[in-house]
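These notes concern the structure reproduced below.
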Amino acid sequence: MIVTTFTASPPERRMALVPQVVERLIALGHVVRLPRGVGRSLALADGEFERAGAVMVDDIAAATAEADLVLVMQPPSVEDLDLVREGAIVAGFLDPFFQHELVGALAKRRLRSLCVELMPRTTIAQKMDALSSQASLAGYAAVLIAAERIDKAFPMMTTPAGTIAPARVFVIGVGVAGLQAIATAKRLGARVEAYDTRAVVEEQVRSLGARFVTFDVGETGQTEQGYAKELTPEQLGRQREQMAKVVAGADVVITTAQVFGRRAPRLLSAREVDGMRPGSVVVDLAASSGGNVEGSVAGEEVTTPGGVLIIGSHPMPAKVARDASLMYANNLMHLIAHVFVDGELRSPDDDPIVDGVLLTADGAIRHELLRSTIEGTTS
Ligand code: NAD
């Protein structure tokens, strides 16, 4: 197959292909055609891709004209799809629950698409799980940004001039991102507390040396895939009320809560944020999917009238773009190696991974919930 990808446009710096992975795709028998300058966001010269075996062409139109597979880091625009030739497959992050126009356009143009957000959570799929690889780096980057922006040190320090108390970090949502945030904050010497509606994570929090806090919000739980069940507005209200004290005592709050396929839950309202001391920092990792924190803006830093800095950095893994690109490109390479046999996509009837990620095919949206939502809104 002929494989290509787009050049990253700011604020995105991550890429769907890096030279190491180009080399592996070529070893698998594929041809990689890339537009010149494709690696500029990572300061990767064309020569590095060429040495890995890629064919460099003048521009993206020349690269996509013959491509069978177009890899994307961010969902492409509907105009970008005009460049993709009929019969080709688009694969990567497509943000299907928020990008209804794109999903509708993929189906209408009869393009097949492989959506990595829909990856099943099974052992065999772990190496293709881009949500996890990127969430892990996001959790790490969130702590580093908070440590850089806050007006105090993270570790306890005993000096002749006096003793500095460790920073208090509160992580809300202990999935892949939250666990990495806890581990990173601990490594920097902070005192860490964490909360999740899925009580099963308590053990993992403790094993990282952090304290798990509990609140009584009634029945909570998780789906078969391990995702949190959505709380009712009343439960979220109770959660906020009980969390206010822990939030007020924290120097840094990192929120990572997501509910699959839904707008992110509102974990902190202005009231809880106002309870924090001026100079403290909140990092909202869900800023681009509706925001866990009232007042957070995706891609921006906002200081509240009470002096609390709310960071809605997006895309957070772009802060460590080189490693994030390598992990993502590896995820895609494993996906390609699994779902294609002799250049043909395996049938969704025969393979649970294809069945999970194949979002559009034969001019239709395959995901039932999305189909009814999107066909309802675009017709
Ligand atoms: P996610 O990104 O969907 O959500 C992040 C966290 O927010 C989750 O832990 C969730 O429980 C929590 N959350 C949701 N609503 C909340 C609320 N109101 N208050 C507090 N926290 C709330 O989750 P994720 O990081 O994708 O991981 C979810 C689980 O799936 C984890 O246990 C992870 O280890 C597991 N997982 C399994 C596989 C696999 O088996 N292949 C792959 C990835 C993740």
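In listed order, ligands and their atoms are each counted from 1. One-based numbering along the sequence shown.
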Is any N or O atom of V176, backbone or side chain, closer than 3.5 Å to an N or O atom of ligand 1?
yes

Do NZ/NE/NH1/NH2 and the carboxylate oxygens of E202 and R206 come within less than 4.0 Å?
yes

Could you list the atoms of ligand 1 found under 4.0 angstrom from a heavy atom of L231?
18 (N)

Has L131 got any heavy atom lying under 4.0 angstrom from an atom of ligand 1?
no

For A324 and Q134, work out which heavy atoms get closest and say how close.
O-NE2, 3.1 Å

I172 CD1 to M243 CE distance, which is reported to the nearest 0.5 Å
4.0 Å

Please report whether ligand 1 has a polar contact with L236, defined as an N or O pair separated by less than 3.5 Å (distance criterion only).
no

Nearest-contact summary for atom 29 (C) of ligand 1 - protein heavy atom, Å
G226 O, 3.1 Å

Check: T232 main-chain N/O paired with Q235 side-chain donor or acceptor under 3.5 Å
yes

Who gets closest to atom 11 (O) of ligand 1 by heavy atom: D196, I124, V171?
D196

Taking only non-hydrogen atoms of L267 and a 4.0 Å limit, the atoms of ligand 1 in range are 17 (C), 18 (N), 19 (N)

What's the shortest distance from atom 5 (C) of ligand 1 to any protein heavy atom, and which residue and atom give it?
T256 O, 3.3 Å

Identity and distance of the protein heavy atom lying nearest atom 1 (P) of ligand 1
Q258 CB, 3.8 Å

Taking N331 for its side chain and K127 for its backbone only, find out whether a donor-acceptor pair lies under 3.5 Å.
yes

Is it the case that atom NZ in K186 sees more than 12 heavy atoms from other parts of the structure closer than 6.0 Å?
yes

Under a 4.0 angstrom heavy-atom cut-off, which atoms of ligand 1 come close to Y227?
3 (O), 26 (O)

min-distance protein heavy atom vs atom 31 (C) of ligand 1 -> R198 NH2, 3.4 Å

Less than 3.5 Å apart, any donor N or O on the side chain of Q225 or R121 sitting next to an acceptor on the other?
no

Show which atoms of ligand 1 fall inside a sub-4.0 Å distance from at least one heavy-atom site of Q126.
39 (C), 40 (O), 41 (N)

Between the side chains of D46 and R40, is the shortest nitrogen-to-carboxylate-oxygen separation below 4.0 Å, so that they form an ion pair?
no

Taking the six-membered ring for Trp and the single ring otherwise, decide whether the centroids of F97 and F260 are under 6.0 Å apart.
yes

Just which atoms of ligand 1 are under 4.0 Å from any heavy atom in V174?
9 (O)

Numbering as shown, the atoms of ligand 1 that approach Q239 to under 4.0 Å (heavy-atom distance):
17 (C), 18 (N), 19 (N), 20 (C)

Run the salt-bridge test on R168 and D251 with the 4.0 Å N-O cut-off and return the result as yes or no.
no

Does S132 come within less than 4.0 Å of ligand 1, judged by its heavy atoms?
yes

Under 4.0 Å from a heavy atom of D129: which atoms of ligand 1 are those, numbered in the order shown and with their elements?
42 (C), 43 (C)

Just to confirm my output: which protein heavy-atom neighbour is closest to atom 22 (C) of ligand 1, and how far is it?
A257 CB, 3.5 Å

Check whether any N or O atom of Y195, backbone or side chain, sits under 3.5 Å from an N or O atom of ligand 1, and answer yes or no.
no

Apply the test side chain to side chain contact (heavy atoms under 4.5 Å, CB included) to residues Q258 and S289: give CA-CA distance (whole Å), side-chain angles for both, the deciding distance (0.1 Å), then the verdict.
CA-CA 8 Å; Q258 304 274 359; S289 54; 3.0 Å; yes

If we only count N/O pairs under 3.5 Å, is T123 in contact with ligand 1?
no

Using only heavy-atom distances, determine whether the side chains of D351 and H338 contain a donor-acceptor pair under 3.5 Å.
yes

R121 N/O under 3.5 Å from ligand 1 N/O:
yes

When distances are taken from atom 21 (N) of ligand 1, the protein heavy atom at minimum range is G173 CA, 3.6 Å

Could a heavy atom of F260 be found less than 4.0 Å from some atom of ligand 1?
no

Lys/Arg-Asp/Glu bridge criterion (N-O < 4.0 Å) met for R112, D362:
no

